[in-house]
Amino acid sequence: MGRITLDKVRKAFGDVEVIPPLDLRIEDGEFVVFVGPSGCGKSTLLRLIAGLEDVTDGEIRIDGTDATRLSPSKRGLAMVFQSYALYPHMSVRKNIAFPLKMAGLSQDQIDAKVDGAAKVLNLDSYLDRRPGQLSGGQRQRVAIGRAIVREPSAFLFDEPLSNLDAALRVGMRLEISELHKRLATTMIYVTHDQVEAMTMADKIVVLNAGRIEQVGSPLDLYRAPRNVFVAGFIGSPKMNLITGPEAAKHNAQTIGIRPEHLAVTDGSGTWTGKVGVSEHLGSDTFFHVTVEGFETPLTVRAGGEVSLHYGDTIHLTPDPAQLHRFDAQGLRIA
Amino acid sequence: MARAVTTRRKIAYTALAWIIGLTIFFPILWTILTSFKTEAAAIADPPVFFNFDWTLENYAVVQERSDYMRYLWNSVALAVGSTVFGIIIAVPAAWSMAFVPAKRTKDILMWMLSTKMLPAVGVLYPIRLILIETGLLDSKAALIFILMMINLPIIIWMLYTYFREIPGEILEAARMDGAGLKAEILYVLTPMAIPGIASTVLLNIILAWNEAFWTLTLTTIDAAPLTAFIASYSSPEGLFYAKLSAASTMAIAPILIMGWFSQKQLVRGLTFGAVK
């Protein structure tokens, strides 16, 4: 079990309110990702759930029981830290065994579980090494091993991949997703990387300045962002947001169109502009196009074989079905 | 060309280091040499370095005249005793300052350090009178307490800077792993802090061992440590340099040997936190 409910949870450091009262339900077995720009309170929210920070007001319930004032060690949650936070003076084996030792298991049980976890995470041959002798990816695996051995009711991940290089990050992302499928345990994952959020989550919680902007599945958020913030945050490259007379034509304060929903049309199009920088990724090409009267250049996604040069004139036509409209408050107009 | 300059510079720096090192060590070397001279050779002018008749006579006389072992034991008791009690008080203090700092923690640390700037002689009479009133003059217990108190700011500061280097996330990880406060301190913090605690202990033993103001002014016989042993050889009837040197050598030998063997720990302790 791992159902976590936050009820009007508020956090303030002195006079500074970092999380205004907030409600959230996390169902058993869900993979929930907290995503948002740095300083949005996502890590603080995770630490409140962990018990590493005290809740100022409100209630946190884990599997129906009030855990608001429970110490971290009593909540039955496991956490993987950004810095891995391994015990430097203990071998890998002792690191992984530590939570089991704290739980008072017998040495035989501990050995069996540690060996099991080591096998799953490919750490068998490193068990007698110290964390200092391991690479970043191996340390991350040890941290995960330490979390899974005691079968917690939920896993908390605090930006676990941000210290790894790009290639390793993609690999570990898959491993964590696979681990979730296999264990079917609740996981709460904090990241500032919306690609991680989109690829891993069952449910994404988008946070901004301590407030929840939207909760939903990755595709819900992609298809129907509730406001301008979510529209600009989810999706890569980010959605083009256009204000002014062009938006007024659609009875909106702001209109949004994703780079992949802009078609490059021959001869004529809705908008005409000049090609700036192009980014060739092989499979795709992204053009940055300056359109007269628009405040910011548009990003356009085209096929990998399309080749345009700096300064070329280009005609663009948005897919009307994929046009997002937002009102003066930045909220979505249905 | 660049290489030649580097080599020359290296030689120059090495020579300079040796000169400074020998200059600092010279008084100790001179004391040790003098302790093996006759009284006449000790005050010879011009001074003699190595070409004198080596003798152990001074050591024999010093042994005969006073009970070295009793002074030694008192020194050990004062240095170790004040350090052990100091650590017992300082570890929790430094822990709370490093990991649960309050608004005024920095001020308290500075204030503690400022007490070291008080001239000791300023409080000599109040303390002496208190000890006389309570009958604790010339008692090891009182001196252990006083030595502990004067070194406590340094112990707390050293431990504090050392604990500050321990990432808080590791302690949080221990909490998440189900460790209560006791287990967190016992299995995670203490093993990680052992090098820091060790160098703090070493430095404090040396400080307490060498402390001469309070040990000379508050002891007569029973609690007198090696500092008093040396002082007893600078008598008003005239100085016997060779004997004084022999007594000094015997007094500093234990701490010198200990310092030699724990050099690495000490340097680490004194420079810890200077560079990341």
Side-chain angles (χ1 to χ4, degrees), chain A residues 13-14 43 46-47 49-54 70-91 94-105 130-132 139 142-160 163 188, chain B residues 87 91-92 94-108 158-201 264-265 268-269 272-273 275-276:
Chain A
F13 291 108
S43 280
L46 190 77
R47 291 169 61 82
I49 295 171
L52 295 171
E53 299 283 355
D54 292 329
L70 234 53
S71 73
S73 58
K74 300 255 157 61
R75 296 193 185 195
L77 308 172
M79 185 150 165
V80 176
F81 292 83
Q82 182 178 356
S83 66
Y84 321 130
L86 300 177
Y87 309 123
H89 56 290
M90 296 183 195
S91 64
K94 288 204 166 136
N95 262 281
I96 299 176
F98 188 74
L100 302 172
K101 190 173 154 192
M102 290 300 107
L105 265 61
R130 293 276 178 99
R139 284 182 210 183
V142 176
I144 292 171
R146 191 172 65 178
I148 62 173
V149 274
R150 65 188 187 117
E151 295 155 22
S153 54
F155 291 97
L156 312 178
F157 291 92
D158 189 4
E159 308 218 13
N163 283 352
I188 306 176
Chain B
I87 290 284
V91 166
W95 250 318
S96 72
M97 285 173 174
F99 297 115
V100 248
K103 228 199 267 171
R104 302 250 175 265
T105 297
K106 275 260 142 69
D107 300 338
I108 292 173
M158 278 185 73
L159 290 180
Y160 167 78
T161 47
Y162 198 90
F163 290 168
R164 280 280 301 264
E165 302 286 323
I166 294 175
E169 275 200 347
I170 295 180
L171 304 186
E172 289 178 347
R175 268 169 245 165
M176 292 304 297
D177 282 345
L181 186 64
K182 214 177 88 186
E184 174 189 326
I185 289 171
L186 208 64
Y187 298 119
V188 180
L189 246 169
T190 309
M192 281 169 70
I194 271 181
I197 294 175
S199 41
T200 309
V201 163
K264 236 168 107 182
Q265 276 296 337
R268 182 168 158 70
F272 198 84
V275 274
K276 272 249 172 185

Chemist: So for A:R75, is it side chain, backbone, both, or neither that comes closer than 4.5 Å to the heavy atoms of chain B?
Modeler: neither
Chemist: Could you pull out the closest heavy-atom pair between B:D177 and A:M102, with the gap in Å?
Modeler: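 Nearest pair, atom of B:D177 first, then A:M102: O-CB, 3.6 Å.
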Chemist: Considering only heavy atoms, which portion of A:L86 lies under 4.5 Å from any heavy atom of chain B: side chain, backbone, both, or neither?
Modeler: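 The answer is the backbone of A:L86.
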Chemist: What I'd like to find out is whether the side chain of B:R175 reaches to under 4.5 Å of the side chain of A:S71, using heavy atoms alone.
Modeler: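 Side-chain contact under 4.5 Å: no.
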Chemist: Which heavy atom in A:P88 sits nearest to a heavy atom in B:I170, and how many Å separate them?
Modeler: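 Scanning both residues completely, I find the closest heavy atoms to be CD-CD1, 3.9 Å.
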Chemist: With only heavy atoms counted, which part of A:K101 is less than 4.5 Å from chain B, the side chain, the backbone, both or neither?
Modeler: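 Only the side chain of A:K101 comes within 4.5 Å of chain B.
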Chemist: So which part of A:A50 gets closer than 4.5 Å to some heavy atom of chain B, the side chain, the backbone, both or neither?
Modeler: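 Contact with chain B is through both the backbone and side chain of A:A50.
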Chemist: Look at B:P167, B:A173, B:G168 and state which one has the largest set of heavy-atom pairs under 4.5 Å with chain A.
Modeler: B:A173
Chemist: Would you indicate whether the side-chain heavy atoms of A:H89 and B:I194 approach each other to under 4.5 Å?
Modeler: no
Chemist: Mind listing the closest non-hydrogen atom pair of B:A179 and A:S73 along with its distance?
Modeler: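 What the structure gives for the nearest pair is O-CB, 3.7 Å.
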Chemist: A side-chain contact here means heavy atoms from C-beta on lying under 4.5 Å apart; do A:M79 and B:E172 qualify?
Modeler: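 No; the side chains remain at least 4.5 Å from each other.
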Chemist: Please confirm whether the backbone N or O of B:Y187 pairs with a side-chain atom of A:Y87, one donor and one acceptor, at under 3.5 Å?
Modeler: no
